[in-house]
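In what follows, chains carry the letters A, B, and so on, assigned in the order in which the sequence lines appear, proteins first and then strands, with residues in each chain numbered from 1.
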4 protein chains.
Amino acid sequence: MGAGKTKRMPRAVREQQMLDAAVRVFGRRGYMAASMDEIAELAGVSKPLVYLYLNSKDDLFTACIRREARALTEAVRAGVRPGLSADGQLWSGLRAFFTHTARDPDAWRVLHLHARTHGERFAAEVAAMREEIVAFVTQLIAAAARDAHRDPHLPEREVAGLAEALVGAAESLADWAGATEGVTARQAAATLMNFAWAGLGDLMAGRPWSEPEDAGPELPAQAAG
Amino acid sequence: MGAGKTKRMPRAVREQQMLDAAVRVFGRRGYMAASMDEIAELAGVSKPLVYLYLNSKDDLFTACIRREARALTEAVRAGVRPGLSADGQLWSGLRAFFTHTARDPDAWRVLHLHARTHGERFAAEVAAMREEIVAFVTQLIAAAARDAHRDPHLPEREVAGLAEALVGAAESLADWAGATEGVTARQAAATLMNFAWAGLGDLMAGRPWSEPEDAGPELPAQAAG
Amino acid sequence: MGAGKTKRMPRAVREQQMLDAAVRVFGRRGYMAASMDEIAELAGVSKPLVYLYLNSKDDLFTACIRREARALTEAVRAGVRPGLSADGQLWSGLRAFFTHTARDPDAWRVLHLHARTHGERFAAEVAAMREEIVAFVTQLIAAAARDAHRDPHLPEREVAGLAEALVGAAESLADWAGATEGVTARQAAATLMNFAWAGLGDLMAGRPWSEPEDAGPELPAQAAG
Amino acid sequence: MGAGKTKRMPRAVREQQMLDAAVRVFGRRGYMAASMDEIAELAGVSKPLVYLYLNSKDDLFTACIRREARALTEAVRAGVRPGLSADGQLWSGLRAFFTHTARDPDAWRVLHLHARTHGERFAAEVAAMREEIVAFVTQLIAAAARDAHRDPHLPEREVAGLAEALVGAAESLADWAGATEGVTARQAAATLMNFAWAGLGDLMAGRPWSEPEDAGPELPAQAAG
DNA sequence: CATGAATGAGTCTTCATTCAT
DNA sequence: TATGAATGAAGACTCATTCAT
């Protein structure tokens, strides 16, 4: 199962195969429980080659985190429609986010679960990515305030907390969608928009958030690695 | 450091010392990286005694999860003021939640991070606790709908998603409050109430959620362990 | 299962209970795999008491061997009818032997299997018993020669070898009878008499050994332990 | 001591070295008392390599049993002269047997003592070998009956008992020959032929079994390992 | 470029044995 | 007399990592 045994591939390709295998194994087993043996076998290469290319388990894990963090942020960035209103942007960004996490659950587990669990080094690596996303959300909130012709007078820390809450809710929903049969990325995004934008108060009062009409088509969901 | 080394303690006491140590080590290192040696040393006993009382690393971890899950749910339950309105109950519950997680961050990491990362057995153990909390939140949402004299006609799955989002946001804010100097449990709870109850939309429109007046005093935060 | 928890028994009784338990556990598990915990539990006493009475695992095992070796030799000695012819004596001795080994298989395993497997000390202990039996058989062979009014001119070593073969055959048949459903002590003894006294040659020629008429009744087989 | 420490040997060679060491250690100490450390050291390799090649203590022991059981049966099979009379075949087979057991006493102890002492799995492994030998002996007895132009009318179980007795006597004599200075395989075999074929009765009457003239020369006894 | 061979260090776990009461 | 509490020592097994080819 996996890469087979074709020899003499260019280095870049081999490296990607190794990273694919590593993400899969790390995602399923966690950092400590993952064994270099299993990764090498799944990648279809010998263990020394993994060390030759990726240097150490530590470095290999870091490489996985970097690659997947970049992939995720880029997916979100690509999904956002720049010209839209704040909630329109958030809506499209969330859809991209949920689509991506659903597409490669192992990668998502690496980033969200395992990387944050083992040592400052790895945690810092994801924290960088997370901050980028939080910053994006923060700026969206600010933009929304401008749209409303209001200076919301929210203290900076309050805004940071709100962004944190939003991102945390998104992460949690990504897990939930991954674990719950039949929840699409669109539904997850809609639920979160309702929750975050309208709020439970409005929701209870029968004023849900409604999807803007120009938010673009459903994103294609191609199978992961 | 901590437990002291007085010999010949009754079993029940020693067991608690061991669990204290285990929660600390598991919380800081994760299940796999934690070593029974370190736990025993921190508990001030020899390794065989840990095995005699707690049986195995697996069982020890399970015992930690159970104890801390129970402690957390009981803290939240005790914090909720039963007679209040839905948002009042949520508010008091959240304050208890953030107070508790801030009080013992290691226990919180065990439950939130490590238990969910290693094997179905452990995950199921926390899932039970989480479901209890999600159920509480779900029922709060329903109560809020009744308060608004409305049947919100939200499909069951939608409600589940909302609860998931709320809990996820809370979890994320707990991490954030733990990592950010000077954020109190009260502030975290307020941020989350704003976010979850009023929603970003209302917030931007200058209609934040406001704290009910009868929600009780600040909870004392005494240090753990 | 076992002794129950009656307190304050006289020392001699307690010791026998411990030896009973030890023989059972040693017989089933072997010396190394037997645990003092299991023995103490089966004996219905606490571990320190076992040490107080029997001193160490080593000494406990030795005590088991001594007790059971003495029991076995005494059973055989008691079974032999002194006035008989050589084959009559062998016949009655063998019946006693097979009866005894069938009665307490655990004791037999201790002597025949485990004691010879773990260290010179223990092996020497059973060797003494075995030599006693071999000597008895040797003397029987010599008596048979006298009965035949012949000096068989068998060298001493040859006689020793024959006795060894006979005892070995008996031991093997004891195992076989213990493992094979429905083989009585009498049958095992008859088989061995045929084999050893008549020999395969005579047997094939239709001249089996036949039981003397004065060899006494079947021995009672009372349950072990 | 023994294997030498030349590095980088092909796997097959190393495996044999490991088995050699294992047979020696298992034979001297028994299964439980043998430590993987000692085996690895005696084999001149590190412990992980033993595990890499042989998988576990259990599997290593099984491998020893299989190898030595096969070696023993093949030695006996090779020693038997097919064209001979029944007692001639038995005579040659026994000589091969005693020669082999004398050559490698540790292997003999593994098969005869330790394998039967620890767990059904191992016992079954030797039981298979033993049955092969018992079957051979049984068939010899039947052949002897044909040679005597008689149908011995011995019940099947009786024949099984006789074979068991013969094999047991042989095993016991192998131990005895191994422990007694100066007893050759030939002498042990002769003693057993006298005992088993002629029987004590004939022996006492001055009719010993006599060696057939075509039974081949003494087998060479080269030292093991 | 690629790998079969090999290991140092560490982990979980068990057990015989003792002390303080 | 009898035991609950406690441990030093050791054993099976695994893993990240490196040579030599």
Side-chain angles (χ1 to χ4, degrees), chain A residues 5 7-11 14 32-40 44-60, chain B residues 5-15 32-40 44-60, chain C residues 5 7-11 14 32-40 44-60, chain D residues 5-15 32-40 44-60:
Chain A
K5 260 198 152 179
K7 305 241 166 172
R8 306 273 155 180
M9 325 248 318
R11 169 161 183 155
R14 273 273 148 95
M32 291 297 291
S35 90
M36 295 298 272
D37 270 294
E38 188 178 358
I39 293 171
V45 296
S46 72
K47 237 188 317 173
L49 200 59
V50 179
Y51 279 87
L52 189 61
Y53 284 179
L54 275 317
N55 211 41
S56 74
K57 191 183 189 183
D58 220 88
D59 287 3
L60 174 56
Chain B
K5 257 196 152 179
T6 340
K7 304 253 166 164
R8 305 272 149 180
M9 326 254 311
R11 172 169 181 152
V13 176
R14 270 281 139 89
E15 263 185 30
M32 292 296 292
S35 94
M36 295 298 273
D37 269 297
E38 188 179 357
I39 292 171
V45 296
S46 70
K47 234 187 320 171
L49 201 60
V50 179
Y51 278 90
L52 188 61
Y53 287 174
L54 275 316
N55 214 40
S56 73
K57 193 183 187 183
D58 213 272
D59 285 5
L60 174 55
Chain C
K5 261 198 152 180
K7 305 237 172 179
R8 306 274 156 181
M9 324 248 319
R11 170 160 182 158
R14 272 275 148 96
M32 292 297 291
S35 91
M36 296 297 273
D37 270 292
E38 188 178 359
I39 292 171
V45 298
S46 72
K47 236 185 321 173
L49 200 59
V50 178
Y51 279 87
L52 189 61
Y53 284 179
L54 276 316
N55 211 41
S56 75
K57 192 185 189 183
D58 219 87
D59 288 3
L60 175 55
Chain D
K5 256 195 153 178
T6 340
K7 305 254 167 163
R8 302 275 149 179
M9 325 255 309
R11 172 169 181 155
V13 176
R14 268 280 139 89
E15 261 185 31
M32 292 295 292
S35 93
M36 295 298 273
D37 270 298
E38 187 180 357
I39 292 172
V45 297
S46 70
K47 230 186 328 170
L49 200 61
V50 179
Y51 278 91
L52 188 61
Y53 286 174
L54 275 317
N55 214 39
S56 74
K57 192 183 187 183
D58 214 271
D59 285 5
L60 175 55

Figure out the [atom1]/[atom2] separation between [X] and [N], and round it to whole Å.
| X | N | atom1 | atom2 | result |
| --- | --- | --- | --- | --- |
| M36(A) | dT3(E) | CE | P | 15 Å |
| D59(D) | dA12(F) | CG | P | 14 Å |
| Y51(C) | dA5(F) | OH | C1' | 16 Å |
| D58(C) | dA16(E) | CG | C1' | 11 Å |
| L52(B) | dC15(E) | CG | C1' | 12 Å |
| D37(D) | dG10(E) | CG | P | 16 Å |
| M9(B) | dA20(E) | CE | P | 17 Å |
| L54(D) | dC13(F) | CG | P | 12 Å |

Any-strand Watson-Crick or G-U partner of dA2(E), both distances under 3.5 Å: dT21(F)
Under a 3.5 Å cut-off for both contacts, is dA9(E) paired Watson-Crick or G-U wobble with anything, and if yes, with which nucleotide? dT14(F)
Just compare [options] and give me whichever is closest to any side-chain atom of [X].
| X | options | value |
| --- | --- | --- |
| R14(D) | dA6(E), dC13(F), dT7(E) | dA6(E) |
| L49(C) | dC15(E), dT3(F), dA6(F) | dT3(F) |
| K57(C) | dT3(E), dA6(E), dT17(E) | dT17(E) |
| S46(A) | dA2(E), dT7(F), dC12(E) | dA2(E) |
| Y53(D) | dA5(E), dA2(E), dA6(F) | dA5(E) |

Identify the heavy atoms of [X] and [Y] that sit nearest to each other, and give their distance.
| X | Y | answer |
| --- | --- | --- |
| K47(A) | D37(A) | CE-OD1, 3.2 Å |
| Y53(B) | R14(B) | CE1-CB, 3.8 Å |
| L60(B) | L54(B) | CD1-CG, 3.6 Å |
| M36(D) | V50(D) | CE-CG1, 3.9 Å |

By the 4.0 Å heavy-atom rule, please label [X] as base, sugar-phosphate, or nothing.
| X | result |
| --- | --- |
| A34(A) | sugar-phosphate |
| R11(C) | nothing |
| A40(B) | nothing |

Can you measure from OH (Y51(B)) to NZ (K57(B)) and round to the nearest 0.5 angstrom? 8.0 Å
Mark yes or no for a side-chain to base donor-acceptor pair under 3.5 Å between K47(C) and dT17(E), with no hydrogen or angle criteria applied. yes
Between the base of dA20(F) and the side chain of R8(D), is one N or O donor paired with an acceptor at under 3.5 angstrom? no
With a 4.5 Å heavy-atom cut-off, do M9(B) and V45(B) have their side chains touching? no
Specify the residue among P48(D) and S35(D) whose closest nucleotide of DNA chain F lies further upstream toward the 5′ end. S35(D)
